[in-house]
Number of protein chains: 2
Amino acid sequence: MIDTLRQHITDRLGNNVDDKLELVLSCFEPIIIDRNQFLLKEGEVCKYVYFIAKGCLQVFVYDNDLNETTRDIVTEGTWCSELMSFGSGNPATENIRTVEPSELLAIDKPNFQKMMQTVPQFEKVYKQLLETSYANSVYRINTFVALSALDRIKWLMKYRPKLMTRVSSKLIASYLGINKDVFSRLKAKL
Amino acid sequence: MIDTLRQHITDRLGNNVDDKLELVLSCFEPIIIDRNQFLLKEGEVCKYVYFIAKGCLQVFVYDNDLNETTRDIVTEGTWCSELMSFGSGNPATENIRTVEPSELLAIDKPNFQKMMQTVPQFEKVYKQLLETSYANSVYRINTFVALSALDRIKWLMKYRPKLMTRVSSKLIASYLGINKDVFSRLKAKL
DNA sequence: TAAAAATGTAGACTTTTGTCATCGTCGAAA
DNA sequence: TTTCGACGATGACAAAAGTCTACATTTTTA
């Protein structure tokens, strides 16, 4: 499992972390987890940043009627956390749950900070993570706000085609901000 | 004009920057600018971070039919930029335009980086700016995706009531992701 | 100051989206 | 194996949102 993360890091930072790489990896705790398990509930403090070696996570909020709105669906090879809560120690506003049985590598804040201090390149990781997350959010706002339900579906099929077959229609609908019945109908028309 | 920024910084960083404060302020260039002027067009590189001493800016994108989708409306006392472009030097994906005659304080990247190196506290500014921007985006996604047009209007009246009277209906509608005619009708029903 | 352009409102109408009920399938659990 | 529940598809209908036109008002600009 740890190989996936080793690969991920060397891909990004090149070979100039070779000597520190194993130290970094030793800060992560492997987690094997079933599907439909909560990694974070809103109101709790987010204590970890997760690297997804295998599987799929859902980041979402509940509205007043307990309907879910999914902000992100994250799969293997990427990071997942609730960065505002992780960074500030304030209660999280979002929930994180496994969509599939997953294999994760978790780093807690003390280790995260230790890494930031001892491995200079690791500082970049957090900044990159934050910048990427921000860029994704901005992109999502600019893309989705003006699109019709049908165009959102087309967008998903173009940019994240694997999701369509991998996760449930209910989940996708909550990600696209569409009613699930509407999603079912529109999908049939493509 | 510069007083507004001086106040803003001391409010946030306290008095422990007193000795460096004037150095920091000297890195900003004052800009007096009319309404409806572009500060950034998508495709260009964003060269500045702006502090709004007075006035109002719109951050937006065009769709294929040249309709505008507004991601943010920013008023005095806050920062505005296209951070991804400013940080990476890649072309911006968004436009920034003045909504009112405005007074801005602009810092370019060389000065920004010089400040990051010479004034340790300034490092915080960028991180805070990024984190705040990210938090706003996440909040906006989670709030807006599931809300009806009417509930979006109510949200705006609750959290940014002054905007309703300050800027045009057209602009607000493009911010809320609502057709302007629909916005006009719904507003009348409140 | 007058002409031109942009804005806000309103009604009639169309299209899109949401809601509800039903039904068949599939997989998990008893 | 049987039963139960979650899921996805579909039809009928309701509600919400979008489009188009017209018109009055305000704002810009010449």
Side-chain angles (χ1 to χ4, degrees), chain A residues 33-38 56 58 60 62-70 73 97-102 143-157 161-190, chain B residues 33-38 55-56 58 60 62-70 73 97-102 143-157 162-190:
Chain A
I33 187 170
D34 201 5
R35 61 169 237 152
N36 264 325
Q37 305 301 304
F38 278 85
C56 183
Q58 172 195 12
F60 67 104
Y62 292 106
D63 70 10
N64 294 331
D65 304 324
L66 289 186
N67 300 310
E68 300 174 5
T69 299
T70 300
I73 301 171
R97 186 170 56 190
T98 54
V99 174
E100 304 172 354
S102 301
T143 306
F144 276 30
V145 169
L147 288 189
S148 69
L150 187 59
D151 287 338
R152 292 180 198 186
I153 297 174
K154 287 179 183 168
W155 176 89
L156 191 73
M157 287 175 44
K162 288 175 188 165
L163 277 189
M164 292 289 284
T165 51
R166 180 167 177 174
V167 304
S168 73
S169 294
K170 190 183 161 192
L171 177 54
I172 292 182
S174 85
Y175 176 61
L176 297 180
I178 307 173
N179 179 283
K180 68 185 170 57
D181 297 332
V182 174
F183 177 70
S184 178
R185 261 180 308 189
L186 292 176
K187 198 174 40 163
K189 285 190 184 167
L190 289 174
Chain B
I33 187 170
D34 200 5
R35 61 168 242 151
N36 265 325
Q37 304 302 305
F38 278 85
C56 182
Q58 171 195 13
F60 67 102
Y62 292 105
D63 70 10
N64 294 332
D65 303 325
L66 290 187
N67 298 310
E68 300 176 4
T69 299
T70 300
I73 301 171
R97 187 171 53 192
T98 54
V99 174
E100 302 172 354
S102 301
T143 305
F144 276 29
V145 170
L147 288 189
S148 68
L150 187 59
D151 287 338
R152 291 180 199 186
I153 296 174
K154 288 180 182 168
W155 176 89
L156 191 73
M157 287 175 46
K162 289 174 188 165
L163 278 190
M164 292 288 286
T165 51
R166 180 167 177 174
V167 304
S168 74
S169 294
K170 189 182 162 194
L171 177 53
I172 292 183
S174 85
Y175 176 61
L176 297 179
I178 306 173
N179 179 283
K180 68 187 171 53
D181 297 333
V182 174
F183 177 70
S184 178
R185 263 179 307 191
L186 292 176
K187 198 174 39 162
K189 286 191 183 168
L190 288 175

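As the structure is a prediction and not an experimental result, all values here were calculated from the model.
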Student check: side-chain heavy atoms of A/Ser174 and A/Thr69 closer than 4.5 Å: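 In short, these two side chains do not touch, never coming nearer than 4.5 Å.
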Within-4.5 Å side-chain heavy-atom neighbours: A/Asp34 and A/Thr98: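 No - every pair of side-chain heavy atoms lies 4.5 Å or more apart.
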Minimum-distance nucleotide (side-chain atoms of B/Val182 versus C/dC20, D/dG8, D/dT19):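 Among the listed nucleotides, the one closest to the side chain of B/Val182 is D/dT19.
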Report the distance from atom [atom1] of [X] to atom [atom2] of [N], rounded to the nearest whole Å.
| X | N | atom1 | atom2 | value |
| --- | --- | --- | --- | --- |
| B/Asp151 | D/dA17 | CG | P | 9 Å |
| A/Asn67 | C/dT19 | CG | P | 8 Å |
| A/Lys189 | C/dT17 | NZ | C1' | 11 Å |
| B/Leu171 | C/dG8 | CG | C1' | 14 Å |
| A/Asn179 | D/dA17 | CG | C1' | 15 Å |
| A/Leu186 | C/dT15 | CG | P | 15 Å |
| B/Lys170 | D/dT27 | NZ | C1' | 13 Å |
| A/Asp34 | C/dA28 | CG | P | 11 Å |

Is the shortest side-chain N/O distance from [X] to OP1 or OP2 of [N] below 4.0 Å?
| X | N | result |
| --- | --- | --- |
| B/Lys187 | C/dT9 | yes |
| A/Ser169 | D/dG8 | yes |
| A/Ser148 | C/dT16 | no |

End axis versus end axis in the helix from C/dT1-D/dA30 to C/dA30-D/dT1, the angle rounded to 10°, five pairs used at each terminus: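 It works out to 50° between the end axes.
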Verdict with reasoning, B/Leu150 to B/Leu190, per side-chain contact (heavy atoms from CB on, under 4.5 Å): CA-CA 9 Å; B/Leu150 187 59; B/Leu190 288 175; 3.9 Å; yes
Touch class at under 4.0 angstrom, heavy-atom based, for A/Lys180 against every strand present: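 Since no nucleic acid heavy atom lies under 4.0 Å of A/Lys180, the category is nothing.
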Sugar-phosphate, base or nothing in reach of B/Ser184, heavy atoms under 4.0 Å: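 Base contact.
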Minimal non-hydrogen separation, B/Ser102 against B/Gly55, with atom names: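 Shortest heavy-atom contact: OG-CA, 3.4 Å.
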Minimal non-hydrogen separation, A/Asp181 against A/Asn179, with atom names: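 Looking at all heavy atoms of both residues, the closest pair is N-OD1, 2.8 Å.
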A/Thr70: which of A/Lys170, A/Gln58, A/Arg97 passes side chain to side chain donor-acceptor pair (under 3.5 Å):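 Testing A/Thr70 for a side chain to side chain donor-acceptor pair (under 3.5 Å) against A/Lys170, A/Gln58, A/Arg97 leaves exactly one candidate, A/Gln58.
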Residue met sooner reading DNA chain D from 5', once B/Arg35 and B/Ala149 are mapped to nucleotides: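 Looking at DNA chain D, the more 5' nearest nucleotide goes with B/Ala149.
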Side-chain-base donor-acceptor pair under 3.5 Å for B/Arg185 and D/dG18: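 Side chain to base: pair found, below 3.5 Å.
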Spacing of CD1 belonging to A/Ile178 relative to CZ belonging to A/Phe144, to within rounding of 0.5 Å: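 Going from CD1 on A/Ile178 over to CZ on A/Phe144, the span is 8.0 Å.
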A/Asp181 vs A/Leu147, nearer the 5' end of DNA chain C by closest nucleotide: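 This one resolves to A/Leu147.
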